[in-house]
Every structure is written in C-alpha cells, then in structure tokens.
Amino acid sequence: MPDIWSEALHELEPRLDKQTFDMWLRPIRLSGVEGDLLELHAPNRFLKEWFETHYLDLALDELEARHERRFAVKIEVVEDLELPARDADERANGRAAAAQVEPTPAPRREYAPAPAPALRRQPQPPVGLHPRYRFGTFIKGACNELAASAAMAAADEPGTRFNPLFIYGGVGLGKTHLLHGVGHELHRKDPSMRIVLLSAEQFMNEFVTAVRNNEFDEFRTRYRRDCDCLLIDDVQFIAGRDRTMDEFFHVFNALYESGKQIVVTADRVPADMAGMEERLTSRLNWGLVADVQAPDLETRIAIVQAKAERDGIPLRSDVALAIAELVPSNVRELEGALLRITAFAELRGAAIDAEFVRAVLGKGVAGERSPLTIDTIQKAVAGFYSVRISDLKGKRRHRGISRPRMIAMYLCRQLTKASFPEIGMRFGGKDHSTVINACKRIEALQADDDDLRSAVESLRDQLNAA
Ligand code: ADP
Ligand code: MG
C-alpha cells in the first residue's frame, strides 16, 4: 500500500512539470510517521532547502486537503538514498515495490545543485497555491458570477481586460478560492509565468524583513521585476500601514505600467477601507471591481452536492436541500456542516436523510447564537405592524402593508447574509429588483422620517436581542 507521502506526491505529479517534479519532489522519501509529524529524507542539503522553500507548502496543503489535518515535517539529509521508481504507471499497476525498483545507486550528479544561471531560466511553479482552489471546483451562481467570470477572463488574457481585478465580499464567500484559481490557470497555460501569490499580511512581513536585513534590492526585484502576475489576498490588511502602502503603491505602478496582471481581494470596496491612501484606492478602482455575495439557496445546494461528490459521499437531493436551507450564510460554514453530518453518520452508523441532517445541524448550533433568519424577521415585522406574514409575502400594494413589507426586506438584507434574489424568493417569489428598490427606499425615507427611523431601530434592537 502506498504511504501517505507517496499518495500526496502522486497527486501533485500531474500538476507540476515533469522536470520539476523529478528534480525536486520525487527524491524526497518518507522514513517514518509519528502522529502528525512526517519524517522525510532528502538526498542532499541543497535539495532539502530548495524543496522546503518552494514545494513543502504545496505538499502540506495537499496532505491537509486529503486528511483534513495539518502535518508537520522533519527533513533529514541522508546522502545515499536510492532512487525511487521512475515509472508512475508501474506504480499505479500495483506491482510489488521490490519488483518495480531496480535499486540503482543514486547518481549523485543528478541532484547536485544546478549552476545558478540554468536555475534561473527554469520555470518556477507558483508557491503557496492551494491544491483545491481551482476554477474547476468553484461553483458559479448569481452571487458570484461577475467575480468568477472576471477572474477567469483575467487568467485568460492577463493584463488586458480586467486590470487590476478587485474582488471583495464577506468571509467565506470564495475570494481566496478565486484568487488561487487565477494562479492555477495562469500556471497551467504558461508554466514559465512568474506568478507571485501572497496575502497582504505576508507582503508586509516580507517588506519589513527586507528593510531590516538590508535586502531591499532583492525585495524590489522579486515584486517589481521578476513578477508577471501579482495576486494579493486581503489587501485591507495594509490599510493604515504607511510604509507598506507606499511600497505596494510602487509595486502596483511598476507592474501595471508593464502590463502585468494584478488581482486583489478585500473584505470591502476600496473606498471603505479606512486608512488606505487615496492614490492607492483610486488605482484599485481602475480596473474591474466585482463582489462576491452570500450564496442563494440554489447555489448552496449546488455547492453541497459538488463537495459531497468530491468526497465520495452519496447525498440525495432532499438531503442537499435540507443542508442548504439550514446553513444560510457562507460557504465555509456549508463545508463545515457537511463534514459534521458525515462524521456523525459514520459514528452512529446512521443513514443520512433530511431528518438526520436537521437533528445534527440543529444540535450543532445550540449554545452558539444562531444567525437571524428571514422567517424570524418576517415574524417580528408582522407582529410589530399587526399584519399577517402572508400579507408580507403577498402582492397587495396598500401602504399599511407595503411599508412593513419593504421594512422587512430591508431588515433581511441588513441582518442576514441573504442575497437580493433569495430575499425576493422568500417574499412570495418577488424579483430581486423589487427587493433592491425596497432597500433603497427605506434607506432614503429614514433620512427625514423620524417615526420610520425609530420603528426600524426598535425592530432591529428587538431582533438583535432575540
Ligand atoms: P474568502 O476568501 O472569501 O473568505 P474562501 O475562498 O476561503 O473565502 O472560501 C471558503 C471556503 O469555501 C473554501 O473552502 C472554498 O473552497 C469554498 N468556496 C467558497 N465559494 C465557493 C464556491 N462558489 N464554490 C465552491 N467552493 C466555494
Ligand atoms: Mg480569504
């Protein structure tokens, strides 16, 4: 049986070019496992260090994706490692290890450090790409369509149409996933492309370290010259950090002027980032600004089904619906819910049906504050104005009803993560534009209608205290 390390390598192999894989990953062998610690052997120090700085994270991410936990590694240099089998197909055929490997003594030359110029010319696979965050595993829906399409277009024709591409939205809605998707796709199409992907926080740390260690020239080369595409996650992090913002500004200009693609994610639009320099926010607005919103019910169902399929969990459609209904907010929570359900099902040997899902997810949230639902808001507003819930969902335009209806829609938008289309659906199948108008209307009316404002405020307080 292949060990967990070989399995992970086997998975990584098709994603890297053959030369890279044979040179830097294949020679690393597992020598032992102790809990979460993998003990690895490398044939020489140079290979060990190169592997650690360039491919270790990739391998750890792959292991984490497969085993749902983070491993640590200890790499030892063991000079006379035998070469592992070269023929992956043979391995796949499951022949006995002894039969596959003609124990050839490792020709040392093969792993000796290549001369520096040759190395520089070698394509550098991007470091830190999450193995699972690819376009192929991203589910598009109304909530993220613009951002996803723009990300794909940016990867298709980098530096041309959407530059910079700025993706923003709440937590767990797929921003990082799309950012890595761009990296994967660019690398797939052109392995020689120098893709730099990191969080704004890492950018700051590297910058600070470079300044402290007098390595600013290297830093500048890495980001301004040796970079064909810059992917920066959570840029809001550098707001208010003047020197980092300043440096990022120069990096941005250098890359932008030479037509390099820049993709940036953040939790809000550029204008709302307090402490962000104006010259930077204006540049972030130059290209396309696209949002990701909380997934509507249909997208949530599609996501649950896709994740279950990926993990080989058979899931009936009524079960997927039950999960999607019970977890209304973000995709990360949706993944967590699916994990909890399968874990419980395995523990109890129970079949996964809608009833089981309700029992597990119902219990799981007890103790935590459960998020406000559209139902709760409708009930509260109906009670407050003494109208029926069916009126809120109905079509009557009488002011005594349309006002509470608009307020309820507005509160749903404010207090839940539901999207406009979803709110519309839950108010008797209304169009999303009706909901948008209602929200705008209530917002505008509150400015000079004190009664309305205090009604909305007391409803909000009542709901928040519930
Ligand atoms: P963010 O960066 O917006 O906080 P992430 O990109 O980290 O969110 O997404 C959280 C989790 O949800 C990840 O595991 C990601 O793969 C998954 N995810 C988010 N949106 C989608 C989607 N539309 N389709 C598939 N998976 C998604
Ligand atoms: Mg993120």
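Excluded from the calculations below are hydrogen atoms, water molecules and symmetry mates; all remaining heavy atoms, backbone and side chain alike, are included. Ligands are counted one by one from 1 in listed order, and the atoms in each one are counted from 1 as well.
- Looking at Arg69 and Glu64, their side chains never come closer than 4.5 Å, going by heavy atoms from C-beta outward.
- Using cut-offs of 30° and 60° on the angle between ring planes, the pair Phe252 and Phe248 is perpendicular.
- A cation-pi contact, defined as under 6.0 Å to the ring centre and within 45° of the axis, is absent between Arg134 and Phe138.
- Taking the six-membered ring where tryptophan is involved, the planes of Trp286 and Tyr256 are tilted, since the angle between them lies from 30° to 60°.
- For Arg283 and Phe249, the positive end is not near the middle of the six-membered ring at less than 6.0 Å and at most 45° from its axis.
- Ring pair His67/Phe71 is perpendicular by interplanar angle, where above 60° counts as perpendicular and below 30° as parallel.
- Taking backbone and side chain together, Thr176 holds an N, O or S atom under 2.8 Å from the Mg ion (ligand 2).
- Interface of Gly174 with ligand 1, defined as ligand atoms under 4.0 Å from a residue heavy atom, comprises 1 (P), 3 (O), 5 (P), 6 (O), 8 (O), 9 (O), 19 (C), 20 (N).
- The protein atom (non-hydrogen) at minimum distance from atom 18 (N) of ligand 1 is Val331 CG1, 3.2 Å.
- When the options Tyr133, Phe135, Phe138 are ranked by their closest heavy atom to atom 21 (C) of ligand 1, first place goes to Phe138.
- Listed by number with element, the atoms of ligand 1 under 4.0 angstrom from any heavy atom of Val171 are 4 (O).
- Nearest-heavy-atom check against atom 26 (N) of ligand 1 across Arg132, Lys307, Glu335 picks out Lys307.
- Note that CD1 of Ile323 is 10.5 Å distant from CD1 of Ile301, once rounded to the nearest 0.5 Å.
- For atom 10 (C) of ligand 1, the closest non-hydrogen atom on the protein side is Arg332 NH2, 3.6 Å.
- Comparing His180, His177, Lys175 by heavy-atom distance to atom 3 (O) of ligand 1, the nearest is Lys175.
- Distances below 4.0 Å separate heavy atoms of Thr137 from the following atoms of ligand 1: 24 (N), 25 (C).
- For Phe203 and Phe219, the gap between ring centers is short of 6.0 Å.
- Taking all heavy atoms of Ala65, Gly172, Gly181, Ala147 into account, the minimum distance to atom 4 (O) of ligand 1 is reached by Gly172.
- Distance from atom 2 (O) of ligand 1 to its nearest protein heavy atom, with residue and atom name: Thr176 OG1, 2.7 Å.
- Atoms of ligand 1 lying under 4.0 Å from any heavy atom of Asn144, numbered from 1 in the order shown and given with element: 23 (N).
- Considering CZ of Arg243 and CE of Met204, their distance stands at 12.0 Å, rounded to 0.5 Å.
- Considering backbone and side-chain N/O of Ile139, one or more are found under 3.5 Å from N/O of ligand 1.
- Remark: ligand 1 atoms within the under-4.0 Å shell around heavy atoms of Gly170 are 3 (O).
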